[in-house]
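Taking it in order: structure first as structure tokens, then the write-up.
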Amino acid sequence: MTTLTIGKIAKAAGLGVETVRFYERQGLIAEPARSGSGYRQYRPETVRRLQFIVRAKALGFTLQEIADLLDLRAAPGAGCADVQARAEAKIADIEERIAQLDAMKRALGELVAQCRGEGPLSDCPILDALDAEAP
């Protein structure tokens, strides 16, 4: 069986060595066998699993959600509907975050509109608003 070092696995997956170690500590990839001299010996399939993790992260999935997706893959009774439900939940989560970001943008825009951009900091409406007590 061919094995790869952590450096080769990291390079093939487009990751840093520390990221591979992190994913290993998080249980997202299996702990590899060790050579007699203590070097990690990864199986070639680990590259594909790491690439799955990277793509899932790029879509906004958390490490726990990625672990759940990986577990689903191995679950005998799981089906496409299970994955679809998780993807739909992620879409809803993203839409909520977008709404929160839009509200933050509007609020900050209102503060910027109140500021003349000149004068002493003691007259800055942005700082005054941030310093104001909550109602």
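Just so you know, residue 1 is the first one in the sequence shown, and it goes up from there. The shown structure was predicted, so the numbers you read here are calculated from the model rather than taken from an experiment.
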Kindly list each side-chain donor-acceptor pair under 3.5 angstrom involving residues 99-121, sequence neighbours excluded, with atom names and distances?
| from | atom 1 | to | atom 2 | distance (Å) |
| --- | --- | --- | --- | --- |
| Q100 | NE2 | E96 | OE2 | 3.2 |

Quiz item: Heavy-atom count around R48 CZ within 6.0 Å, excluding the residue itself: above 12?
Solution: no
Self-check item: Test log, rule salt bridge (charged side-chain N to carboxylate O under 4.0 Å, His left out), inputs E65 and K90
Solution: CA-CA 9 Å; E65 291 166 337; K90 179 49 63 181; 2.9 Å; yes
Self-check item: Q64 vs D68, side-chain contact (heavy atoms from CB on, under 4.5 Å): CA-CA, chis, key distance, verdict
Solution: CA-CA 6 Å; Q64 182 57 58; D68 293 344; 2.9 Å; yes
Exercise. Begin from the C-alpha positions of F52 and I29 and carry the test side-chain contact (heavy atoms from CB on, under 4.5 Å) through to its verdict.
Key: CA-CA 11 Å; F52 178 97; I29 60 172; over 6 Å; no
Quiz item: Under a 4.5 Å cut-off applied to non-hydrogen side-chain atoms, are E31 and R40 in contact?
Solution: no
Quiz prompt | Heavy-atom side-chain proximity of I6 to Y39 below 4.5 angstrom | solution = no
Quiz item: For D82 and A78, which heavy atoms make the closest approach, and how far apart are they?
Solution: OD2-CA, 3.2 Å
Exercise. Begin with the C-alpha distance, continue with both residues' side-chain angles, and end with the deciding distance and a verdict on side-chain contact (heavy atoms from CB on, under 4.5 Å) for F61 and I53.
Key: CA-CA 9 Å; F61 288 99; I53 294 166; over 6 Å; no
Quiz prompt | Counterpart residues, side-chain hydrogen bond (donor to acceptor under 3.5 Å, both in side chains), relative to T5 (two or more places apart) | solution = none
Quiz item: Would you find a donor on one side and an acceptor on the other, under 3.5 Å apart, between the side chain of R49 and the backbone of L28?
Solution: yes
Quiz item: Do I91 and L72 share a hydrophobic cluster, counting only Ile, Leu, Val, Met, Phe, Trp and Tyr and linking them when any side-chain heavy atoms are less than 4.5 Å apart?
Solution: no
Practice problem: Go through the steps to decide whether F22 and Q26 satisfy the test side-chain contact (heavy atoms from CB on, under 4.5 Å), and finish with yes or no. | Solution: CA-CA 6 Å; F22 175 75; Q26 297 300 308; 3.5 Å; yes
Self-check item: Residues Y42, E24; criterion side chain to side chain donor-acceptor pair (under 3.5 Å); working and verdict
Solution: CA-CA 11 Å; Y42 291 93; E24 184 182 323; 2.5 Å; yes
Quiz item: So do the side chains of L63 and K57 get within less than 4.5 Å of each other, counting heavy atoms only?
Solution: yes
Quiz item: Just how far is it from atom OG1 of T46 to atom NZ of K8, taken to the nearest 0.5 Å?
Solution: 14.5 Å
Self-check item: Separation of I66 CD1 from D71 CG (nearest 0.5 Å)
Solution: 12.0 Å
Quiz item: Once you round to the nearest 0.5 Å, how far does CG of L15 lie from CD of Q51?
Solution: 8.5 Å
Quiz item: What distance do I9 atom CD1 and T3 atom OG1 have between them, rounded to the nearest 0.5 Å?
Solution: 9.0 Å
Quiz item: Are side-chain heavy atoms of L4 and R43 found at a separation under 4.5 Å?
Solution: no
